[in-house]
Amino acid sequence: MIGEPLFDARSIADRVAAIGAAISNDYADRLPLMVGLLGAAATFLADLVRAVTIPCHVDFISVNRYGDGDGIVIEKDVAIPVEGRHVILVDDTVDTGLTLQYVVKRLLERTPASLAVCTLLDRPHRRIADVEIKYRAFEVPDVFVVGYGLDYLGRYRELPALYAHGTWPA
Amino acid sequence: MSRVPFAHASEAELARLFDFYRIEWQYEPRSFPIAWNDRGRAVEFFTPDFYLPEYDLYIEVTVAKPARNTRKNRKVRLLRSHHPCVNVKLFTRRDVERVFSRSMKRAS
């Protein structure tokens, strides 16, 4: 179901290093709080925090899936208070932008000093909520991507590169 | 939502997704003229399926197979041409399926 990588491990490492350098420059002396949106962003965030050259704090947040309950809610909240902090929300893929916008709104209610979005993949084809993305590693076409933390029915997270999967999960 | 006479199940599914995200939506709230006769009278209209006020965005859902989307594509093209300030997106059946596919994994 998967063939040649869309982006190989070297390309990913290069983009992570570039984003890490940009964050290090943009947030010098500001101790950013990097918040990973679970669960596929964990791999990206783990590499990203090692690519920045400034001190930073790390936390995670997650939301429920469509079909679990009547509406979207935060399932696992951040443990570190975001009030007054410079928050960088790290996502794996921005598609419609609806989940990202929900999380951004919930975090902004807590009056951080600033909030920026960083994503591994930007897939703008079906974008509804036009959330500003400050850092993006790759823009991808309308394909389902696996590897580097992204799964297809629980598989392929361990792959070091990003691959287009032949089908979308039903 | 249950009282809305959706034309197709895909529209009802999309409405449920908007409800999940607590996004305000309106079903077919407005018709736009897209063709006029030689006396300047509108003779053809296009009514997008959804309007999302928060995003000032109209969404048209088409359930036809890609090869048969020509009619919808023409209407969307005319809408954009005659009403350039109107933001409209065409969601194909595949788009709807993929939004749901991803939303079931985690909300998209």
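Naming convention: chains lettered A, B, ... in sequence-line order (proteins, then strands); numbering from 1 in each chain.
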Would you say the side-chain atoms of A:Asn64 pair up with the backbone N or O of A:Val73, donor to acceptor, closer than 3.5 Å? yes
Is it true that A:Arg106 and A:Asp77 make a salt bridge, defined as a side-chain N closer than 4.0 Å to a carboxylate O? no
If you tally heavy-atom pairs under 4.5 Å between each of B:Leu52, B:Asp95, B:Ile23 and chain A, the highest tally belongs to B:Asp95
Classify the angle between the aromatic ring planes of B:Tyr58 and B:Phe32 as parallel (below 30°), tilted (30 to 60°) or perpendicular (above 60°). perpendicular
Considering only heavy atoms, give the residues of residues 74-90 of chain B separated from chain A by less than 4.5 Å, sorted numerically, with 'none' for an empty result. B:Lys89
Ion pair check, B:Asp19 and B:Arg16, cut-off under 4.0 Å: no
Side-chain heavy-atom pair A:Ile74, A:Tyr102 within 4.5 angstrom cut-off: yes
Between A:Ser24 (side chain) and A:Thr53 (backbone), is there a donor-acceptor pair under 3.5 Å? yes
